[in-house]
> 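Dropping a structure here in structure tokens format, bear with me for questions.
The figures here come from the full heavy-atom set of this structure, side chains too, leaving out hydrogens, waters and symmetry mates.
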Amino acid sequence: MGRLLQIRVSAWTYSEDEVRNTWPSLWKLAWQDSAAIPKKGVMELADAVFDAVRAGLIPDDQAKALKENAEKADKLRLAIEKALGDWQPGEADKLTYALEDTMDALEDIAADF
């Protein structure tokens, strides 16, 4: 990196509307008052679902049903951040598919609530 110019490897969600449309049950579960959340992408939703389960922000039966996949999503989210921080965008890209699959599984569970 230069003295003034920094190079970053990052991941971001292109369309928050796509996130809401793809995982509507998770969106509602994690962000009932979504206006208070400034950025609502895939990574933020994975983090919010994990926090809701871990911190007891949702009913116990829902948390129990989501727990395994919420923990998996959080580990994948952190692994993506680590891969990006280690300048491994190829690895991060592979992990995004696993994260999205895990979010799909969480949505299937949350849709039954």
> What heavy-atom pair brings Leu45 and Ala30 nearest, and what distance separates the two atoms?
CD1-CB, 3.8 Å

> Decide whether Phe50 and Val53 are clustered together by the hydrophobic rule: side chain heavy atoms of Ile, Leu, Val, Met, Phe, Trp, Tyr closer than 4.5 Å, transitively.
no

> Among the clusters formed by ILVMFWY side chains lying less than 4.5 Å apart, do Leu78 and Leu76 turn up in the same one?
no

> Considering all heavy atoms of both residues, which atom of Gly41 and which atom of Thr13 are nearest to each other, and what is their separation?
CA-OG1, 3.2 Å

> Would you list the atom pairs, donor with acceptor, under 3.5 Å between side chains in residues 56-72 and any protein atom, with sequence neighbours excluded?
none

> With Ala11, which residues qualify under side-chain contact (heavy atoms from CB on, under 4.5 Å), at least two apart?
Leu84

> Is the shortest heavy-atom distance from the side chain of Trp27 to the side chain of Asn21 under 4.5 Å?
no

> Per the salt bridge (Lys or Arg N to Asp or Glu O under 4.0 Å) rule, what does the pair list look like for residues 10-19, sequence neighbours excluded?
Asp17-Arg20

> For residues 100-109, tabulate all N or O donor-acceptor pairs below 3.5 Å that involve a side-chain atom, not counting sequence neighbours.
residue : atom : partner : partner atom : Å
Thr102  : OG1  : Ala98   : O            : 2.9
Asp104  : OD1  : Trp23   : NE1          : 2.8
Glu107  : OE1  : Ser25   : N            : 3.1
Glu107  : OE1  : Leu26   : N            : 3.0
Glu107  : OE2  : Ser25   : N            : 3.0
Glu107  : OE2  : Ser25   : OG           : 2.9

> Test of understanding: clusters of I, L, V, M, F, W, Y form through side-chain heavy atoms closer than 4.5 Å, transitively. Do Leu99 and Val9 belong to the same one?
yes

> For residues 80-97, which residue pairs qualify under salt bridge (Lys or Arg N to Asp or Glu O under 4.0 Å), counting only residues two or more places apart or in two chains?
Arg77-Glu81, Lys82-Asp86

